Amino acid sequence: MRDLTVRKNSGKLEPFDREKLTRSIKLACRNRDVSDDQIDKLVTSIHRRLETETGDDVVPSSMVGQMVSDSLLNLDPIAFVRFVSVYRKFSKISDFKKIIDQIPEDDEGAVVCKLPKTSLF
């Protein structure tokens with residue numbers, strides 16, 4: 001794996017930190033039925049996708065956030081809402097309602113598909 005750099009929204013550059021990403025995802029998945037192995041595979045998948053889809057050593061933080069959000073939505077919708085609420089700095093109940101209302105469910109409450117990329121970022 002090559003060394004990646006993340007460009008924050010402020011323009012600041014930081015080295016891609018796999019452990020930081022893992023901690024953020026573990027926090028979102030706390031007390032959920034998600035194993036450490038699933039989280040490790042998710043982080044590895046995101047890292048590989050960043051390497052192959054960008055073709056650049058510098059990736060925007062929004063791309064990392066989108067990949068984590070998409071992955072968590074498919075893995076555990078509650079962890080998804082937790083992650084997005086911190087990542088997007090939710091400040092009102094309506095922020096939660098808006099994102100939750102966009103998650104398509106079947107009659108049993110299971111997520112039926114991913115959110116379109118444009119709906120979050």
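Note that the structure is predicted; figures quoted are calculated from it, not measured.
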pair R48-S45: side-chain heavy atoms closer than 4.5 Å: no
Gap separating the CG atom of N9 from the OG atom of S61, nearest 0.5 angstrom: 4.0 Å
For D56, salt bridge (charged side-chain N to carboxylate O under 4.0 Å, His left out) partners two or more places apart: none
Least distance between heavy atoms, L72 atom then C29 atom: CD2-SG, 3.9 Å
Set of side chain to side chain contact (heavy atoms under 4.5 Å, CB included) partners for N31, sequence neighbours left out: none
pair R7-E14: side-chain heavy atoms closer than 4.5 Å: no
Under the salt bridge (charged side-chain N to carboxylate O under 4.0 Å, His left out) test, residues paired with K97 that sit two or more places apart: D101
Flag, side chain of Q102 to backbone of I99, donor-acceptor distance under 3.5 Å: no
Side chain to side chain, I103 and V81, heavy atoms closer than 4.5 Å: yes
4.5 Å side-chain heavy-atom contact, S71 and R49: yes
Residue pair T5 / D57, side-chain heavy-atom distance below 4.5 Å: no
Would you list the atom pairs, donor with acceptor, under 3.5 Å between side chains in residues 19-28 and any protein atom, with sequence neighbours excluded?
from	atom 1	to	atom 2	distance (Å)
T22	OG1	R18	O	2.9
S24	OG	K20	O	3.2

V6 vs L13 side-chain heavy atoms within contact, under 4.5 Å: no
By side-chain hydrogen bond (donor to acceptor under 3.5 Å, both in side chains) - contacts of D33 (at least two apart): none
Sidechain-backbone polar pair: D40 side chain, D36 backbone, donor-acceptor under 3.5 Å: no
Shared hydrophobic cluster for I78 and L73 (ILVMFWY, side-chain gaps under 4.5 Å): no
Side-chain touch L50/V64, heavy atoms, less than 4.5 angstrom: yes
Joint hydrophobic cluster, V86 plus L75, side-chain heavy atoms closer than 4.5 Å: no
I93 atom CD1, over 12 foreign heavy atoms within 6.0 Å: no
From CZ (R32) to CD (Q38), nearest 0.5 Å: 11.5 Å
Distance, nearest 0.5 Å, that separates OH of Y87 from CD of Q66: 8.5 Å
Gap between atom CG of L42 and atom CG of D70 - 0.5 Å precision: 10.5 Å
Under 3.5 Å donor-acceptor, R88 side chain and F83 backbone: no
Minimal non-hydrogen separation, S85 against F96, with atom names: CB-CE2, 3.4 Å
V84 to S69 - nearest heavy-atom pair and separation: CG2-OG, 3.6 Å
Listed once per pair and sorted, the ring-ring contact (aromatic ring centres under 6.0 Å, His included) pairs that draw on residues 7-34, sequence neighbours left out: F16-H47
